[in-house]
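Small disclaimer: the values here were computed from a predicted structure and weren't measured. Just so you know, these numbers use all the heavy atoms, side chains as well, and skip hydrogens, waters and symmetry mates.
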Amino acid sequence: MSLLLGGIDIGGTKCAAVLGTSTENSVQILDKIAFPTPGTPAEALAKLADALEQLLERHRGSLQAIGISCGGPLSSKDGLVLSPPNLPGWDRIDVCTPFRTRFGVPAGLQNDANACGLAEWKWGAGRGSQNMVFLTFGTGMGAGLILGGRLHAGANDMAGEVGHIRLTEDGPAGYGKNGSFEGYCSGGGIAKLAQQLLDNGGSAAAASSLGAGELSAKAVFEAAHAGDALALEAVRIVGKQLGRGLAILVDVLNPDTIVIGSIYERQESLLAPLVQEELAREALPLPLSVCRIVPSGLRDHVGDAASLSVALHEYELQRK
């Protein structure tokens, strides 16, 4: 059976409405309208609803459900966005009721990591898993958890905030904490780490090409592929700390699959050997023996599929 699903993505700088179809094992993105995030919640929600209406006019069909993906904190139960740091003014904003009322279908809300986790579980690299962890590893480091064949959001939608775990006492800051998982394993964190290595000097820093331009995770990995010693050292540290963070998840949650998006998906050839070495050192052998570590299966489409997976999740909940 094919379902027509609507997706709403609310971000700090950009919003999007997506229309797609879902079958048992796959999703097809039919169309999308994206625009800069308007100044107020009311303006944003109205523009998103209008955009979804336009998509439905272009692609005739019976809409089954709407999913909304947004950065947390939020209340998925009540459909409320609760003052995310990248969305000033979004304080206890009901984002589900306007879409339910206008389109007459179920509407659900999940944070962006949970939404991506649902998408990878339903249609991507985690398909068929019963216990899966999805890690964002992009702008930040968050997790979507599928435990016992169900989305696990926690008591108040805060499960999966793995970026806050402190891996060392020092190191680059992320999630407001030096040496955190996000500090080592995020785009901004990798740039900070490379800058720290440059600032510490030494022969590798003196010979590195990284000091010549703007530092970014992309620049670090490009230099590492070219053999730059300082960039390779930064990648070695990132791989080790990623492996250490994964070992905690393996030991605590005993997943059968860990899916990692964004930076890992693009840089698997450099990171995977380092990660496996650290996992072998840090994780318990028995849970590690049943856990696959794989890159995102949806790749660049995971963001668009995320809100659609929330729609499918809500549709399935309503039918139980």
Side-chain angles (χ1 to χ4, degrees), residues 9-14 37 41 69-76 80-93 109-117 133-145 152-200 214-221 234-235 237-253 258 260-264 271 275 278 282 303 306:
D9 183 19
I10 302 172
T13 59
K14 184 179 69 175
T37 301
S69 171
C70 182
L74 52 78
S75 170
S76 59
L80 300 178
V81 175
L82 306 174
S83 302
N86 63 340
L87 285 168
W90 289 68
D91 185 15
R92 297 188 62 82
I93 301 299
L109 169 69
Q110 293 291 338
N111 71 48
D112 43 12
N114 284 353
C116 289
V133 176
F134 173 79
L135 297 178
T136 56
F137 197 0
T139 303
M141 171 58 85
L145 306 177
H152 179 76
N156 64 346
D157 291 287
M158 291 298 288
E161 299 294 347
V162 300
H164 199 241
I165 297 171
R166 194 190 299 275
L167 298 175
T168 66
E169 285 302 314
D170 51 10
Y175 214 132
K177 185 183 284 186
N178 289 338
S180 66
F181 199 176
E182 182 166 293
Y184 283 108
C185 298
S186 65
I190 293 169
K192 290 175 188 175
L193 174 62
Q195 187 63 61
Q196 287 180 359
L197 293 175
L198 282 169
D199 292 344
N200 288 340
E214 183 178 351
L215 272 179
S216 65
K218 181 180 179 182
V220 171
F221 280 104
V235 170
I237 294 170
V238 170
K240 177 178 180 178
Q241 298 303 336
L242 177 58
R244 185 167 291 182
L246 295 184
I248 295 170
L249 299 176
V250 167
D251 290 353
V252 173
L253 299 176
I258 297 178
I260 314 178
S262 196
I263 291 171
Y264 183 85
L271 290 172
V275 166
E278 192 66 14
E282 292 289 334

Walk me through whether Arg244 and Glu278 qualify under salt bridge (Lys or Arg N to Asp or Glu O under 4.0 Å).
CA-CA 6 Å; Arg244 185 167 291 182; Glu278 192 66 14; 3.4 Å; yes

Would you please test Gln195 and Asp199 for side chain to side chain donor-acceptor pair (under 3.5 Å) and show each step?
CA-CA 6 Å; Gln195 187 63 61; Asp199 292 344; 2.9 Å; yes

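One N or O on the side chain of Thr37 and one on the backbone of Lys14 form a donor-acceptor pair closer than 3.5 Å. The backbone N or O of Asp9 lies less than 3.5 Å from no partner atom in the side chain of Ser69, so there is not a single donor-acceptor pair.
Legend: ring pair (Phe, Tyr, Trp, His ring centres under 6.0 Å) pairs involving residues 169-195, not counting sequence neighbours, sorted by first then second residue: His164-Tyr175. Evaluation of the salt bridge (Lys or Arg N to Asp or Glu O under 4.0 Å) test over residues 180-197, restricted to residues two or more places apart or in two chains, returns none.
Under the 3.5 Å distance criterion, with hydrogens and angles disregarded, a donor-acceptor pair is assigned to the side chains of Ser76 and Asp157.
The side chain to side chain donor-acceptor pair (under 3.5 Å) check on Thr139 picks up nothing, with sequence neighbours excluded. Legend: residues meeting side-chain contact (heavy atoms from CB on, under 4.5 Å) with Ala143, ordered by chain and number and at least two apart, are Val133, Leu135, Leu145, Val162. Every residue two or more places apart in sequence or in another chain that forms a side-chain contact (heavy atoms from CB on, under 4.5 Å) with Asn178 is listed here: Arg166, Ala173. For the salt bridge (Lys or Arg N to Asp or Glu O under 4.0 Å) test, no residue two or more places apart in sequence or in another chain qualifies with Glu282.
Within a 6.0 Å radius of NZ in Lys177, other residues, nucleotides and ligands contribute more than 12 heavy atoms.
Side-chain contact between Leu246 and Val275 is present, with heavy atoms from C-beta onward closer than 4.5 Å.
Note that SG of Cys70 and CH2 of Trp90 are 6.5 Å apart. Values are rounded to the nearest 0.5 Å.
The minimum heavy-atom distance linking Pro85 with Gly72 is given by the pair CD-O, 3.8 Å. Gly12 and Leu87 get closest at one heavy-atom pair: CA-CD2, 3.9 Å.
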